[in-house]
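Take a look at the structure set out below.
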Amino acid sequence: MSSTESPRVPSALAAAAPKPGAVRVVEGEHLRSVGLPGLTLTVRSRPGTREGLPPALYVHGLGGSSQNWSALMPLLEDVVDGEAVDLPGFGDSPPPDDGDYSVTGHARAVIRHLDAQGRGPVHLFGNSLGGAVTTRVAAVRPDLVRTLTLVSPALPEIRVQRTALPTGLLAVPGVAGLFTRLTKEWTPEQRVRGVMALCYGDPGRVTPEGFRAAVEEMERRLALPYFWDAMARSARGVVNAYTLGGQHGLWRQAERVLAPTLLVYGGRDLLVSYRMAARAARAFRDSRLLTLPDAGHVAMMEYPETVATAFRELVADTGALDEKPSEKLGGRPAGTPREAPDDPNDLVKGTAPHEASDAERGRTAEAAGDADGADRTTLGS
């Protein structure tokens, strides 16, 4: 560790640190703590409206938490039994014992949770960093994933938008500490306005109640001793994932994903370029693309009804709600990944590349409807 890099905060210290306030839980949601080897995860659940619904897992982005899915989850509670996880070091989850905030480390946490709870295969959702994490999970453990829904996934870009550079600079050792010192006089309200200007296509869509809740959450997080460390190390993990090539590269792993995939991109996204939508639609073999010209980086928060409608169409068109895992994996029994790694938690080994057939490459479906003024586009691979 360099002298300019902030030291890792032990999970024991994080657990002992006082929390300035309770995490917000809206009506119908429940929070619980899940202990796993080397980490503890806070899980926000919204049970389905009836027994027997297939499970879903929602994974947030950099600096986010499970609360980022609170607008979408109730719109799908009659379709899935939903859970949203706080990644290690975010939301109400303490840092991991090993301090691993890489994309692989976060993916390993998701896999361990799903394996421990026996909830797979799930409808897996990911936003931003969570999109990179869930792409890796779907590639190396296809037995755990029914469908994959990616909202502005953080997949490698050759030419990163200028507006995304400040976030990427957090990955540089010492920058997070410098930023903390330079902004120590900023109020939580100022910080939240800055985040919303960066993440929303139209910050004016945020209600006064939503703004107050965001400010309270910002105050809570700033009091945590590991907040900036988790941010900086996770940002570094994204940058490092961008540089990986070969079978470990995220685009190569996107090509391996077997699950039907819904891609959601916002035309006003300042963090993930809108122009990456076409490449993503080509990379994921069984994909459909929803473009929202007025949305920013968090379409599931800005246009939850539109995203929910697109997901319903995905599962209706692919039969993913009724599909048996053994059928999805070509006759393999549930719980058996295609060419699974020797150690399911060793994500470096991954699964072997699979050449898509012409039929697989042609399986894209147009998302019907025009809710919220969405421009729905389907791009074949």
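Owing to the predicted nature of the structure, the values given are computational and were not obtained by experimental measurement. These values consider heavy atoms only, across backbone and side chains, with no hydrogens, waters or symmetry-generated copies.
- Side-chain contact between L314 and P260: present, with at least one pair of heavy atoms (C-beta onward) separated by less than 4.5 Å.
- Here the side chains of P88 and H106 are in contact, with some heavy-atom distance below 4.5 Å.
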side-chain contact (heavy atoms from CB on, under 4.5 Å) for V103 and L129? Distances and angles first, verdict last. CA-CA 8 Å; V103 170; L129 164 64; 4.1 Å; yes

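- Of the candidates S33, S93, P94, S93 is the only one forming a side-chain contact (heavy atoms from CB on, under 4.5 Å) with D86.
- Residues S152 and N127 meet the side-chain proximity criterion, which asks for heavy atoms closer than 4.5 Å.
- Cluster membership for Y58 and L53, using ILVMFWY side-chain heavy atoms within less than 4.5 angstrom, is not shared.
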Check the pair L72 / F311 against side-chain contact (heavy atoms from CB on, under 4.5 Å), numbers first and verdict last. CA-CA 11 Å; L72 180 64; F311 173 74; over 6 Å; no

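- Each of L124, T261, L155 was scored for a side-chain contact (heavy atoms from CB on, under 4.5 Å) with T135, with one residue passing: L155.
- Without hydrogens or angle criteria, S234 side chain to M231 main chain gives no donor-acceptor distance under 3.5 Å.
- The cationic group of R44 does not satisfy the cation-pi geometry with W69, failing either the under 6.0 Å distance to the six-membered ring centre or the 45° limit from the ring axis.
- A distance-only check finds a donor-acceptor pair linking the side chain of R50 to the backbone of D78 [under 3.5 Å].
- For the pair L87/V110, a side-chain contact is recorded, criterion being any heavy-atom separation below 4.5 Å from C-beta on.
- Within the 3.5 Å criterion, the main-chain N or O of D100 finds no donor-acceptor partner in the side chain of R233.
- A distance-only check finds a donor-acceptor pair linking the side chain of E157 to the backbone of S273 [under 3.5 Å].
- Geometrically, R205 engages Y303 in a cation-pi contact, judged by NZ or CZ lying under 6.0 Å from the ring centre and within 45° of the ring axis.
- In terms of heavy-atom proximity, V307 sits nearest to A299 at CG2-O, 3.9 Å.
- Going from atom CG of L144 over to atom CG of D115 covers 5.5 Å, rounded to the nearest 0.5 Å.
- With a 4.5 Å cut-off on side-chain heavy atoms, T149 and H123 do not count as touching.
- Between H113 and V34, the shortest heavy-atom distance links the atoms ND1-CG1, 4.1 Å.
- For the pair R221 and E217, the salt-bridge criterion is met [side-chain N within less than 4.0 Å of a carboxylate O].
- Defined by atom type and a distance below 3.5 Å, a donor-acceptor pair is missing between the side-chain atoms of H60 and S65.
- Note that the CG atom of L262 and the CG atom of L150 stand 8.0 Å from one another [nearest 0.5 Å].
- When all heavy atoms of G48 and D81 are compared, the pair lying nearest together is N-OD1, 2.9 Å.
- In the hydrophobic cluster analysis, where Ile, Leu, Val, Met, Phe, Trp and Tyr join through side-chain heavy atoms closer than 4.5 angstrom, L75 is grouped apart from F125.
- V23 and V26 fall into different hydrophobic clusters, where Ile, Leu, Val, Met, Phe, Trp and Tyr side chains are chained together by heavy-atom contacts under 4.5 Å.
- Side chain of R141 to backbone of R136: no donor-acceptor contact under 3.5 angstrom is found.
- How far CG of L270 is from OH of Y200: 13.5 Å, rounded to the nearest 0.5 Å.
- Note that CZ of F211 is 11.0 Å distant from CD of E216, once rounded to the nearest 0.5 Å.
- For the atom pair CZ of F227 and CZ of R220, the computed distance is 10.0 Å after rounding to the nearest 0.5 Å.
- Note that CG of L76 is 9.0 Å distant from OG1 of T309, once rounded to the nearest 0.5 Å.
- Within the 4.5 Å cutoff, the side chain of R252 has heavy atoms near those of the R256 side chain.
- M301 is not listed as a side-chain neighbour of V206, based on a closest heavy-atom distance of 4.5 Å or more.
- Counting heavy atoms from C-beta outward, V43 and Q117 have side chains that stay 4.5 Å or more apart.
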Taking it one step at a time, do M73 and V80 satisfy side-chain contact (heavy atoms from CB on, under 4.5 Å)? CA-CA 9 Å; M73 291 172 72; V80 297; over 6 Å; no

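- Between A214 and M196, the closest heavy-atom pair is CB-CE, 3.8 Å.
- Side-chain polar atoms of S70 and R24 form no donor-acceptor pair below 3.5 angstrom.
- Salt bridge R32/E83: present, at least one basic N to carboxylate O contact under 4.0 Å.
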Quick one, D294 with R268, criterion side-chain contact (heavy atoms from CB on, under 4.5 Å). Give me CA distance, side-chain angles, the key distance, then yes/no. CA-CA 6 Å; D294 295 326; R268 296 182 179 179; 3.5 Å; yes

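- Taking all atoms of both residues into account, the shortest heavy-atom contact from P156 to L250 is CD-CB, 3.8 Å.
- When all heavy atoms of G201 and E302 are compared, the closest pair comes out as N-OE1, 2.9 Å.
- The closest donor-acceptor contact from the side chain of T42 to the backbone of D92 lies under 3.5 Å.
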